[in-house]
Amino acid sequence: METLNTSCLKEGNEIYIEDNINRFYTLLNRHKIKIKNKIFLITDDVIYNIYKDLIYELQSKTECKVYYFAHGENNKNINTVQSIYNFLIENNANRSSTLIALGGGVVGDLVGFVASTYMRGIKFINVPTTLLSQVDSCIGGKVGYDYNGIKNVIGSFYNPVFVYICTRFLKTLEEKQFKDGLGEVVKYGMIKDIQLLDFIDKNYKYILEKKNDKLFYIVKECLNIKLEIVEKDFNDSDLRNILNFGHTVGHGIEVSSNFTISHGEAVALGMLAAVKLSEKKLSLNSEVYMKLEALLEKLELPTRYKVDNYSTFLYAINHDKKNTDKIRFVLLEDISKCKIKVEVTAEEIYSAVEGSISRG
Ligand SMILES: NC(=O)c1ccc[n+]([C@@H]2O[C@H](COP(=O)([O-])OP(=O)(O)OC[C@H]3O[C@@H](n4cnc5c(N)ncnc54)[C@H](O)[C@@H]3O)[C@@H](O)[C@H]2O)c1
């Protein structure tokens with residue numbers, strides 16, 4: 001097991017990564033978590049069914065109470081938040097209780113939010129189980145839920161007592177969810193770490209086979225990159241923006257495809273379009289596009305997408321909450337050299353998309 005220390009969390013609070021689920025109980029002790037009748041594990045139905053045995057074992061050791069809700073982004077809403085509050089109240093959770101979020105980004109964001117508000121804030125432990133949640137959403141403190149069709153519009157910043165990452169959970173992930181995470185992994189390489197890109201290039205077969213040592217390496221590298229960024233800009237006012245590389249066009253693709261293209265696939269396509277824009281706006285070397293395209297192909301992520309409806313596509317980009325009045329992009333001067341808030345016109349986006357992912 002490895003420990004990542006970070007100034008993002010309170011002193012003494014840490015991020016643990018391991019490839020086998022066996023140190024969790026030791027960590028509960030180390031962090032002085034009260035156990036008997038004080039732990040509430042919250043997850044979704046898919047994870048509950050896959051990891052029943054693990055959950056029973058935890059119940060037998062800690063007498064924790066368990067609650068699960070229906071999986072998926074559609075349930076990341078106020079109704080689920082209320083149902084968790086009800087469960088906590090019915091089971092007499094109090095200020096010395098601790099919540100365990102076992103699941104992907106949806107579970108982590110929801111449970112973190114509930115922990116931040118229940119009795120003005122109680123402890124929570126994040127146990128991310130998807131690649132995306134392990135490399136991204138489990139750190140950085142953003143918790144919340146979707147409201148009135150707007151993603152993550154209600155939320156706060158709140159940190160867990162500790163984050164427990166076990167790459168073995170990734171073995172049971174469906175391929176689509178796994179690929180979603182890989183899109184984000186490549187993003188980290190593009191914005192900060194050419195060596196990570198080289199590692200993926202060399203090891204892509206093992207990564208796709210989910211070889212544990214390779215997964216462990218990429219998760220750890222991505223976390224270190226995210227931590228470095230978040231430590232400098234926890235409140236998301238400036239530098240943290242670079243984490244949105246590929247997400248602006250990506251968001252347009254998700255919306256204009258009616259969400260048939262998943263988030264990670266859309267980020268892959270969005271990065272290609274952003275690289276093409278970077279060639280025009282920041283004179284980025286055209287070899288970067290070829291390198292990225294080849295890598296995405298190896299990872300079986302999409303590199304082509306025909307935008308059929310530019311008005312929906314541009315509307316989504318313009319109304320992305322990260323954009324204000326102007327369309328602003330994170331672009332690259334080189335691999336791992338980002339420039340944030342580059343203003344781009346609709347015509348420039350059109351020609352970048354037509355000259356890259358949408359080309360004939
Ligand atoms: N807080 C942040 O900083 C941050 C950053 C990025 C994304 N997010 C949020 O994360 C969410 C997406 O996260 P996600 O991709 O993890 O989605 P998710 O939580 O919906 O999980 C995807 C699916 O995988 C299943 N699953 C989870 N772990 C599994 C496992 N080990 N084996 C088999 N199936 C498993 C889940 O039941 C679900 O059906 C979005 O709501 C997004 O807004 C938050």
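Remember, it's 1-based here, ligands and their atoms both numbered in the order they're listed.
Remark: K171 NZ is packed, more than 12 non-hydrogen atoms of other residues, nucleotides or ligands lying under 6.0 Å away. Summarising the local packing, NZ of K306 is surrounded by more than 12 heavy atoms from other residues, nucleotides or ligands at distances under 6.0 Å.
Protein heavy atom in closest approach to atom 28 (N) of ligand 1: T129 OG1, 2.7 Å. The nearest heavy-atom contact from the protein to atom 25 (C) of ligand 1 is V46 CG1, 4.3 Å. The shortest contact between atom 22 (C) of ligand 1 and any protein heavy atom is with Q177 CG, 3.6 Å. Of all protein heavy atoms, the one closest to atom 5 (C) of ligand 1 is S137 CB, 3.5 Å. When only non-hydrogen protein atoms are considered, atom 35 (C) of ligand 1 lies nearest to L173 CD2, 3.7 Å. With respect to atom 33 (C) of ligand 1, the closest heavy atom belonging to the protein is T172 O, 3.1 Å. Nearest protein heavy-atom contact of atom 7 (C) of ligand 1 is L132 CD2, 3.6 Å.
In terms of N/O distances under 3.5 Å, ligand 1 is not approached by D136. In terms of N/O distances under 3.5 Å, ligand 1 is not approached by R240. Checked against a 3.5 angstrom limit, the closest N/O atoms of T130 and ligand 1 fall inside it. Residue V106 has at least one nitrogen or oxygen atom sitting less than 3.5 Å from a nitrogen or oxygen atom of ligand 1, judged on distance alone. The shortest N/O to N/O separation between E73 and ligand 1 falls below 3.5 Å. Close N/O approach between H71 and ligand 1 is not found [any backbone or side-chain N/O within under 3.5 Å]. For a threshold of 3.5 Å applied to N or O pairs, the pair formed by D44 and ligand 1 contains at least one separation below that value. Considering backbone and side-chain N/O of F169, one or more are found under 3.5 Å from N/O of ligand 1. Of the N or O atoms in G105, one or more lie within a sub-3.5 Å distance of an N or O in ligand 1.
Ligand-side atoms of ligand 1 in range of N152: 43 (O), range being under 4.0 angstrom from any heavy atom. Short contacts between ligand 1 and K76, defined as distances under 4.0 Å to a heavy atom of the residue, involve ligand atoms 9 (C), 40 (C), 41 (O), 42 (C), 43 (O).
For the pair K61 and Y25, the cation sits on the ring face: its NZ or CZ lies under 6.0 Å from the ring centre, inside 45° of the axis.
Looking at D109 against ligand 1, only its side chain comes within 4.0 Å, counting heavy atoms. Contacts with ligand 1 closer than 4.0 Å are made by no heavy atom of E174, backbone or side chain. In D45, neither the side chain nor the backbone holds a heavy atom less than 4.0 Å from any atom of ligand 1.
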Q. Where do Y164 and Y16 land on the ring-ring contact (aromatic ring centres under 6.0 Å, His included) test, with the steps shown first?
A. CA-CA 5 Å; Y164 182 76; Y16 303 98; 7.3 Å; no
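Note on E209 versus K205: no salt bridge recorded, every NZ/NE/NH1/NH2 to OD/OE distance being 4.0 Å or above. Salt-bridge check for E221 with K214: failed, with every basic side-chain N at 4.0 Å or more from each acidic carboxylate O. The pair K220-E2 meets the salt-bridge criterion, with a side-chain N (NZ, NE, NH1 or NH2) lying under 4.0 Å from an Asp/Glu carboxylate O. Ion pair K179/E300 flagged as a salt bridge, since at least one NZ, NE, NH1 or NH2 atom sits closer than 4.0 Å to an Asp/Glu carboxylate oxygen. Between K291 and E287 there is no salt bridge, since none of the side-chain N atoms of the basic residue sits less than 4.0 Å from a carboxylate O of the acidic one. Electrostatic pairing of D109 and K142 does not count as a salt bridge here, judged by no charged N lying under 4.0 Å from a carboxylate O.
The shortest heavy-atom contact between V267 and G183 is CG1-O, 4.1 Å.
Using a 4.0 Å cutoff on heavy atoms, I50 counts as a contact of ligand 1.
Ring geometry for F87 versus F40: interplanar angle over 60°, hence perpendicular rather than tilted (30 to 60°). The aromatic rings of Y85 and Y118 sit parallel to each other, their planes meeting at less than 30°, with 60° as the upper class boundary.
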